[in-house]
Protein chains: 2
Amino acid sequence: MLKITVVTSEDSGLCPVRNVLANVTGKWSSLILLSLEIGPLRFSEIKRTIGDITQRVLTENLRSLERDGYITRTVRPGPPVEVSYALTSMGANLVGILAPLVLWAEQSFDAVMTQRKQFDSLK
Amino acid sequence: MLKITVVTSEDSGLCPVRNVLANVTGKWSSLILLSLEIGPLRFSEIKRTIGDITQRVLTENLRSLERDGYITRTVRPGPPVEVSYALTSMGANLVGILAPLVLWAEQSFDAVMTQRKQFDSLK
DNA sequence: CAGTATCCTTTACGATACTG
DNA sequence: CAGTATCGTAAAGGATACTG
């Protein structure tokens with residue numbers, strides 16, 4: 001059985017779990033990482049894959065993921081410049097853990113929606 | 001190999017993955033779910049386990065998790081009233097997927113911090 | 001193409017006080 | 001004990017315009 005000390009009473013900035021998870025649990029982070037699972041992608045390709053993320057937010061998230069060591073950023077001089085992003089080995093490990101979660105989310109969509117409707121109907 | 005359609009170009013409210021993940025990727029959701037892994041806990045016990053979450057936010061998160069069907073809320077009349085929370089089978093499944101992520105976060109803490117320091121030192 | 005720069009809105013969260 | 005009610009802050013995200 002898995003025994004995890006969820007959180008200590010220390011400063012949140014020092015709680016390892018929260019500190020690391022914070023950059024994975026954003027609205028877009030996991031989707032961006034997943035999009036790189038098959039192979040490296042350029043900025044515009046990631047944007048197209050996600051669909052409705054803005055340029056500003058995508059840039060922000062990519063920087064954060066690069067900073068934590070999950071992806072690399074490679075510039076091929078242009079013009080036009082070509083910037084491609086790829087998973088590091090740590091990033092690939094993380095994707096290996098995130099993928100089941102995303103898959104689970106897909107599969108559980110119907111059940112969750114049903115639950116919500118029922119909960120909301122009880123006033 | 002895992003093939004996942006990360007996101008379609010539909011309305012975000014209709015994207016199954018994002019819709020379900022939204023309530024799991026909060027700052028506290030996963031930690032709350034994890035705290036219930038061993039067994040049911042009362043409100044104050046969850047609060048003590050997490051440490052620095054406020055009552056208001058804990059209540060908010062518990063409602064949201066209950067709404068989506070991950071946990072149940074049981075009231076034993078008092079006084080003092082005793083409210084206990086427990087994982088549903090769906091919640092238990094989710095925890096089974098989240099636990100590796102939390103464990104991974106713990107183990108990767110040092111590597112991530114090292115990466116950040118290095119990234120930040122490059123201006 | 002891959003970003004920055006602004007500006008604005010929303011949402012999550014924090015602090016504190018109060019209650020059946 | 002397990003909340004609710006208020007108020008305030010901060011961070012994430014959205015919209016749009018501009019640039020090397």
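- Looking only at side-chain heavy atoms (C-beta outward), B:Leu58 and B:Trp28 stay at 4.5 Å or farther from each other.
- Using a 4.0 Å heavy-atom criterion, one finds that A:Arg76 contacts no nucleic acid atom at all.
- Side-chain contact between B:Tyr70 and A:Val112 is present, with at least one heavy-atom pair separated by less than 4.5 Å.
- Counting only distance, with no hydrogens or angles, the side chain of B:Thr88 and the backbone of B:Gly69 share a donor-acceptor pair below 3.5 Å.
- Remark: side-chain polar atoms of B:Asn19 are not paired, donor with acceptor, to backbone N or O of B:Cys15 under 3.5 angstrom.
- Heavy-atom contacts of chain A under 4.0 Å fall on DNA chain C between two terminal nucleotides, which in 5' to 3' order are C:dC1 to C:dT6.
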Extract from the structure each pairing of a protein N or O with an N or O of nucleotides 9-12 of chain D at less than 3.5 Å, listing the distance.
none

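- B:Arg56 meets the salt bridge (charged side-chain N to carboxylate O under 4.0 Å, His left out) test with B:Glu60; sequence neighbours excluded.
- Every residue meeting the salt bridge (charged side-chain N to carboxylate O under 4.0 Å, His left out) condition with B:Arg42, not counting sequence neighbours, appears here in chain and number order: B:Glu82.
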Take A:Val95 and A:Leu36, measure what side-chain contact (heavy atoms from CB on, under 4.5 Å) needs, and give me the verdict at the end.
CA-CA 9 Å; A:Val95 166; A:Leu36 296 175; over 6 Å; no
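- For A:Glu45, there are no salt bridge (charged side-chain N to carboxylate O under 4.0 Å, His left out) partners, not counting sequence neighbours.
- Once rounded to the nearest 0.5 Å, the distance linking CZ of A:Arg18 with OG1 of A:Thr25 reads 11.0 Å.
- Between A:Arg42 and B:Val81, the one whose closest nucleotide on DNA chain C sits nearer the 5' end is A:Arg42.
- Stems are defined here as 3 or more consecutive Watson-Crick or G-U wobble pairs with pairing distances under 3.5 Å; those involving DNA chain C are C:1-20 with D:1-20.
- Atom CD1 of A:Ile97 and atom OG of A:Ser30 lie 13.0 Å apart (nearest 0.5 Å).
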